[in-house]
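Presented below is the structure to which this report refers.
In the text below, chain A, chain B and the rest are named by the order of the sequence lines, each starting its count at 1.
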Amino acid sequence: MKLRYFAWVRERIGKPEEEIEPPAGVATIADLVTWLSGRGEEYAHAFENPRVIRAAIDRAHVRSDAAISGAREIAFFPPMTGG
Amino acid sequence: MKLRYFAWVRERIGKPEEEIEPPAGVATIADLVTWLSGRGEEYAHAFENPRVIRAAIDRAHVRSDAAISGAREIAFFPPMTGG
Amino acid sequence: MAATVRLQREPFDAASEAEKLRRGRSDIGAVVTFTGICRGDEADAPLVAMTLEHYPDMADAEIARHVAAAERRWPLLGVAVIHRYGRIQPGEDIVLVVTAAAHRQDAFAAAEFLMDYLKTRAPFWKQIELAGGGGTDKIWVEAKRSDDALADRWAPSSGRRAAE
Amino acid sequence: MAATVRLQREPFDAASEAEKLRRGRSDIGAVVTFTGICRGDEADAPLVAMTLEHYPDMADAEIARHVAAAERRWPLLGVAVIHRYGRIQPGEDIVLVVTAAAHRQDAFAAAEFLMDYLKTRAPFWKQIELAGGGGTDKIWVEAKRSDDALADRWAPSSGRRAAE
């Protein structure tokens with residue numbers, strides 16, 4: 001699946017997007033955050049406070065307990081500040 | 001003092017303004033309405049429902065118990081419908 | 001703060017009034033523009049035109065007083081109120097309120113406050129001409145209870161909304 | 001109902017968007033236009049510029065979904081939402097919301113609803129450049145609790161105001 005990062009999540013991870021293949025046990029957004037955080041310091045830094053991380057699956061907002069199976073595109077970003 | 005009438009109050013009385021000299025006992029807006037109502041059918045018609053009559057003394061909204069002594073210009077009109 | 005209050009027979013240009021409030025400033029974060037327009041029907045009857053009667057000197061002073069009240073209540077950076085009088089046809093503008101502030105809540109609240117005020121307290125009276133059987137019927141628009149209820153939101157005793 | 005949703009780098013013309021909604025119609029009695037503008041300071045520090053990052057395809061779809069929600073909630077006769085992205089300088093427009101309805105309460109409520117939504121849920125992120133000692137500091141704007149509180153007004157469980 002494709003991951004996309006925005007704003008300071010993107011800056012901390014150091015790239016705007018990437019293709020990943022999480023292992024079978026990674027079932028939810030929260031699982032994915034935990035798994036990503038173990039991949040390196042840049043991920044650990046981006047996700048150091050999971051409570052301020054927002055996520056979208058296939059371009060729709062989801063909560064951290066949302067199941068990721070079947071997702072084509074998952075995005076992580078800070079709270080929105082548009083308008 | 002000068003009286004001014006607007007909207008259907010003006011139409012019923014048949015003139016936009018007039019000079020009047022109310023007798024001594026006419027102390028408030030309500031008194032003035034009662035006194036005017038006795039001056040003829042057109043006035044009685046305009047003021048037949050005093051509850052929907054609004055008044056202003058010297059261009060400021062007042063209630064029916066407002067004293068009229070010293071007023072230069074008193075206006076009577078229906079509830080406002082601007083905007 | 002520069003406030004514009006104008007009563008006029010002629011149409012107005014909402015965009016240029018909003019532009020005037022902003023020009024050369026960088027402290028304004030939000031501009032709300034309300035335009036009230038003459039609709040082509042009233043209670044499903046086709047409307048030929050509307051005539052707005054007003055109390056000239058009182059209307060200016062009263063609106064200015066309410067603009068001043070809005071300025072005391074919200075940190076505004078600009079206000080313009082223009083109200084037309086005379087005969088107005090369907091599709092034409094009747095009234096304009098523009099408010100500018102650093103933050104949107106203040107601009108929105110002040111614009112609504114001023115419109116609720118204009119509807120219920122500014123000395124204007126609308127007479128509409130409806131297309132009738134053998135000509136037009138001229139009817140004075142009655143004040144609406146719903147407008148009074150909206151205006152009452154701003155009374156000191158009634159808490160409006162949590163955000164204020 | 002015709003709704004316009006547009007994300008663009010270029011400036012927009014608020015007046016022409018409002019004009020498009022009204023043109024040739026006589027059922028619209030109220031048009032509310034909200035313009036959000038880049039201010040020249042943030043917490044008293046002078047702001048050099050702001051850069052808006054967005055999530056392209058999601059932003060379009062999300063805003064359109066909220067416009068549809070507004071249309072279900074209020075009897076609207078026209079809506080336009082334009083949100084800019086990219087680098088924006090103080091005094092320039094960021095966002096436009098225009099709502100048209102027969103009655104003013106509906107136009108005001110829908111415009112506030114859409115702005116509260118855009119502030120808290122539309123996938124945009126603001127980075128500001130502040131003039132610092134030896135150059136500029138780039139800072140991601142933090143989401144405000146007060147914006148969340150405003151957005152919460154529209155949740156089904158919270159009665160907003162008597163007039164609705």
If I measure from the heavy atoms of chain D, does A:R10 come under 4.5 Å with its side chain, its backbone, both, or neither?
side chain

With a 4.5 angstrom heavy-atom cut-off, which part of D:R84 approaches chain A: side chain, backbone, both or neither?
neither

Report which part of A:A56 has an atom under 4.5 Å of a heavy atom belonging to chain D: side chain, backbone, both, or neither.
side chain

Could you tell me if the side chain of A:E11 sits less than 4.5 Å from the side chain of D:Q127, heavy atoms only?
yes

Mind telling me whether D:Y55 and A:F77 have parallel, tilted or perpendicular rings, with 30° and 60° as the class edges?
perpendicular

Of all heavy-atom pairs between A:T81 and D:V141, which one has the smallest distance, and what is that distance?
CG2-O, 3.4 Å

Among A:P78, A:A7, A:P79, A:A75, which residue has the highest count of heavy-atom pairs closer than 4.5 Å to chain D?
A:A7

Comparing D:M115, D:E62, D:K144 against chain A, the one with the most heavy-atom pairs below 4.5 Å turns out to be D:E62

Please report the C-alpha distance between A:H61 and D:M58 in whole Å, then the side-chain angles of each, then the deciding distance to 0.1 Å, and finally whether the side chain to side chain contact (heavy atoms under 4.5 Å, CB included) criterion is met.
CA-CA 9 Å; A:H61 291 295; D:M58 179 174 170; 3.4 Å; yes

Indicate the atoms forming the closest heavy-atom contact of D:K126 with A:G83, along with that distance.
NZ-O, 2.7 Å

Can you tell me if CD on A:E42 sees more than 12 non-hydrogen neighbours from other groups inside 6.0 Å?
yes

Chain A heavy atoms under 4.5 Å from D:A61: which part of the residue, side chain, backbone, both or neither?
neither

Has A:K2 got more than 12 heavy atoms of other residues, nucleotides or ligands less than 6.0 Å from its NZ?
yes

Counting only heavy atoms not in A:E41 (residues, nucleotides, ligands), do more than 12 fall under 6.0 Å from its CD?
no

Shortest non-hydrogen pair, D:W125 vs A:M80, comes out as NE1-CA, 3.8 Å

If you count heavy-atom pairs under 4.5 Å between each of D:V95, D:T120, D:D116, D:D57 and chain A, which one has the most?
D:D57

